[in-house]
Structures are given as C-alpha cells and as structure tokens.
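Remember, it's a predicted structure, so these values are computed and weren't measured experimentally. In what follows, every heavy atom counts, from backbone to side chain, and hydrogens, waters and symmetry copies are set aside.
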Amino acid sequence: MAMAQEPDGDERYVLKPKCLPTYLVVDASNSMTPHQRVLNETLSHVHASIRDHPRVSEFAHVSLIVFSTEAHLVIEMANLEDVPLMPEIRCSGLTNYGAVFDLLRSRIDIDVDELNDLGMAVLRPVVFLLTDGLPSDKDWQSSFLRLADHQWRRHPHVITYGFGQADQDVLSKITTVVGFIAEPGTDHRSALMEALGSMLSSLVASSEKGRVVFNKSVPGYRPVEPDQDLLSVPREYLE
Amino acid sequence: MSGGEQLIPPVITRAKLGQPGKTVARDSGESVGIYRLSGDLARSGLLFKEYKKTSVQNTRAAALEQLIAFGRANGAAGKAERAVLLAATSWPVSKVTDERGELIGCLIPEADKKFRSDTGQLREIDTLAQTDERLAARGISVSADERLAICRGIVQVAAALERRGLVYSDWNYANALWCPADCSVFVIDIDGCRPGQGPNIFQNDWEDPLTGDGRPSDTYTDRYRVALLTARCLTGQREVPNVLHSLNDAADDAMPGRATLLDMLWAADRSARPSSRILRAALDGANVRFPVQRMPLPARVEKRAAKPTPTVKQTNLTIAPKGAARQRAAQPADKQPAKKDRGPLVMVCAMVAVLTIVLIVIIIAATH
C-alpha cells in the first residue's frame, strides 16, 4: 500500500483527506486488574483529548481492541468524534497474543477497504499495543509474522509499550518500529499514563504532519529495538 | 503592556527566571516546552517558551528582537497595529538567553482564561471550524453572526501583521483560540513571525498549492492560509474543495467576504491574492473586490455516508457506556478464540479416564 500522495496534473487540487487507521490494543488480562481503574480513566482521557481536537480525530481514525484469553473488537474503526463515550474495560483471563494478532490482520483488511470507500487517502495503519506481561500462548510468533509480513501490502507499523512483567526480548519480536519497556522501579500507574500519553502525542504530531510520527522516547521507559527483519520503516527514519 | 511586563527587561537570562513553574506544553512545534514563571515573576502572567536548538538561531534572534522592540515602542508609528497585536496575540515580551547571551527562548503572555473550556483545555479554533450539526452534537451553538465576528478578529490580526511587513506562516487549527462569550480571538506562536519571508514548514491540510516545495513562505502564503482558516470557520467545511464550493454557492449577503475569500484561495496568480486588509473590509460588507482571475474549482470531495454510529461492542471484557447509541454482542468474525486453549477439555478427559479406571477396579474387585 503506497503512502497517500497528492495527485499530479489536472487533479492537483483534488485532495483526498488523509487518514491514519489507528489500532489501540490493550492487554486486559488478569494481571492488569490492579490497574483497571487507571487504565479506564486514562483511556477516557485519551478519548476526550482526541474528540476535543477535530484535526486529530478526522486524521487518526481509531479502533479499540482488548485482549486476554480472547481478543475482542470493542470499537470499530471510527472518527472518535462519533463515539460519545468509551466503554469500561474489565480485566480477566490470560494473555494470549496470537488471537489479537490474528484479529488485527483481519480487521485491517476490512477497515482499510471501508476507509477507501469513504474517499480517504489511507496511510499505512499503526498499532499501539499495551501489555504488562508475557504471552500465555505458544504460537503467537507465527501470528505476528503474518501480521508484519512485508509481502502483505497493508502490514502495519506496530509500537509496543510494556511494563510490569513484560519482557524486552518478547517486545522486540512484536514491534516493527520501536518498543518501550518501563524502567525498573517505575510504578505501573505512571507507566500506564505515560504510555497512553505517548500514543496521544504521536497522533497529534501525526495529524500536523499528515504522516505517522513516532515518539523516540517516553518518560519512564527505555526503547526496545525491533528485530531487524520486522522493521516497517527505514532504520534512518528512527535516528 | 501590563505593569508586570514593563518590569521585565527586553532581554533576560535564563538564570534570572529561576525555577520553572508548571509545564503548560511539552515538545510543541518549535519549543521544547512552555512553562509558567515562578516566584516574583509568577504574577507577571507571562510564560517562558524554551526553543529547540535550530540552525537558524541568528536569524530568529534578530527577528525576535524586532518583534519585542515593536511591542515595547510608544511612538505613533504602528500604533493601531500594535494595539491589535498586543491585545489579540501572544506577542513576545522578552528574549531569554543563556549566560553567553545566546538565544534560548522568550517570554510571552499567557492566554486569558476565557479562552479555556470548562475542562481547562485551550479552546482552539479547530473546534469552530465544523458544521452546525457537528457543533450541536457537542452541545455548542454558534450563529452565523458569531462566526463572522470571530473571523473578523482573526483577519484583523492578519491585516496588522501584513501592514508591518511580517510573515506569520503558522495559520492553522491549533494556533488561534476563541471565546464564545465575546467572540474574541487570541493568536499564539506569534514569536515566529519574520520580516518579509520565513520558513515554510509543512502543515497537513494547510499547504498553499501555489507555493512550491522548498520555497519560503511570504505574504502571499499568509494570505492563502488566513483565508483558508477564515473560510473553514465561516462555512464549517474542512476539505479544501468543499470549502471552495460552499463559498461559491453562498449568497453575498448571507456570507460577507465570500468572494474575496475565493479570490485569496483560488487566484490563478498568487501575487493577485487580495490582502488581509481588503478581506477585513469585505467581512464588514464593504464592496472592495478587484477583478481576480481564478482557477477552475476542483471537484467536491464526495464521501459515502459513514456508518450511522460506530458500534461499541459489548464483550465479556467490557461494560458498554451508558447512553451508547447501539450495542450488540460480539459477532464470531470480531472475536478470535485463543488457539490451543484446551485446558478444560484435557481436564474432563482426565476425569473420565480416572473414573473409568476406578470403575474397572470396582468391577474386578466385585468379581473376585
């Protein structure tokens, strides 16, 4: 999928509005239960912030997916101005990555088609994944490789935020741009808020530039480089 | 300038500012951060804007000094423009330097609290540039006359800058604030103004089609952008083709200035774009239009209707919000079961096996 560009020649001034399909993927497994309230409060804040800035909500259409033992599409891809309220997340279950990667793969095809039908110039999708633990399932890597497969023209950018029991080595295998792992000793409440704040600031900056802009640092986190084969952007882009 | 600001010199070192107060913004545009002042300076109502390092620092320092000097002047020259700019913008008050005298930032006035919403957020013009229907969905009602009054305020600032030969370049959704109570505006990031021309930083949805890549922004770029901002606020449309068609379709008496806006946005020759001063007069209803050849209008951006309301789905991990328009149980395609999650099945099989063995043992025991 080519990056959206302005047409040339006589169609020069026929400008399709650019759109960044954005997937917010949240770990809602049992280990997140102590942080459930902060998670919901912060998600509400993110939702309100995006809605308060039409230039962000019209550029970054958002879909919310939560996962634990299963993966659930909670909010279909939408301009968040059209979503009055966020649902409340209840944490329970295991941490199965494979299911969420498979769901993302299927949803991206559906959503990109729909955004194209709406007359948007659709950019490469971006996934922000938040997790506090290790995967419970065994075969998640093959699911992620299918999602990140460069032969699939709609393969997304994946940025991950890990705290709590999250493992750096695992994060490097589920990110295609940059991952962030909380520094030892960072309290989980701060880690959660900084992660979602980072996602929000990335979307605001992206809406101003008309292309995806990645944060290169997050307070309380250190960056995790993706495995070389997974990179979805040129390495120079990150320097 | 307020009394508090007059006590602060036009150049002040970072050390004299003391510890920064609350952070108002972080990593925003060309600034590392914007902070309230603390201690004795807290009452000044000023903010410290700390710049990112830039290769054009010398040019910026000189331009900033000129802005500060103009704001502090008392002479008759530029008096009218000064009054507008000091009242309605974050006009820089002082240059902030390090101990060697190198520019590191500036002091700017903070926007009045009337430009904040009930949640404390700055009320950006972004929220005005929407249709009446969108505004109503958020509980906001703005009449056509109110939209016009707000736009007059924006253009008045643009005209004052243009009259001073200053290029702003940063007209966009985020850099103007508005107050619904009195229809006033406040333009921020004014410290980046340059005389004559300035850097043309790419802004999504604000690109001047007649200013090529790599060309600096100038008065004509500013005319395009302020016209686009004004037109978006007046029409509530945001996509450029639809803005143009809304202007074209409107009646003159229903939308004063619409013809001048079309000239500024769609003149075939960028140097023929009417000035902001003429736009200001046109918004007042003055018939001041000079003939301008326009380019043919582009096709409207036709979008198929989106789904009536995005679905917020009820799942076993979520509680739907109260008042959600529509909820439905997750469909099979929307839920991916975990692979190899066979724990319960294995347990049942094990229990059956154990019971079978127990039964066999009982039978054997009974027959012996």
Contacting region of A:Phe59 [heavy-atom separation from chain B under 4.5 Å]: side chain
Between A:Asn79 and A:Ser57, a side-chain donor and acceptor under 3.5 Å: yes
Selection from B:Ala129, B:Ala137, B:Ala174 maximising heavy-atom pairs under 4.5 Å formed with chain A: B:Ala174
Proximal component of B:Asn316, with respect to chain A [non-hydrogen, under 4.5 Å]: both
Stepwise salt bridge (Lys or Arg N to Asp or Glu O under 4.0 Å) check, B:Glu207 with B:Arg225: CA-CA 8 Å; B:Glu207 288 303 284; B:Arg225 289 188 174 139; 3.4 Å; yes
Ionic contact status for B:Asp205 with B:Arg238, cut-off 4.0 Å: no
Residue A:Ser206 versus chain B: region with a heavy atom under 4.5 Å: neither
Atom group of B:Leu244 that falls short of 4.5 Å from chain A, counting heavy atoms: neither
Stacked cation flag B:Arg232 on B:Trp171, 6.0 angstrom / 45 deg: no
Sequence neighbours excluded, every pair satisfying ring-ring contact (aromatic ring centres under 6.0 Å, His included) that has a member inside residues 74-95 of chain A: none
Atom group of B:Arg123 that falls short of 4.5 Å from chain A, counting heavy atoms: neither
Sub-6.0 Å ring centroid separation between A:His53 and B:Tyr173: no
Heavy-atom pair count under 4.5 Å with chain A, highest-scoring of B:Arg26, B:Gln203, B:Arg138: B:Arg138
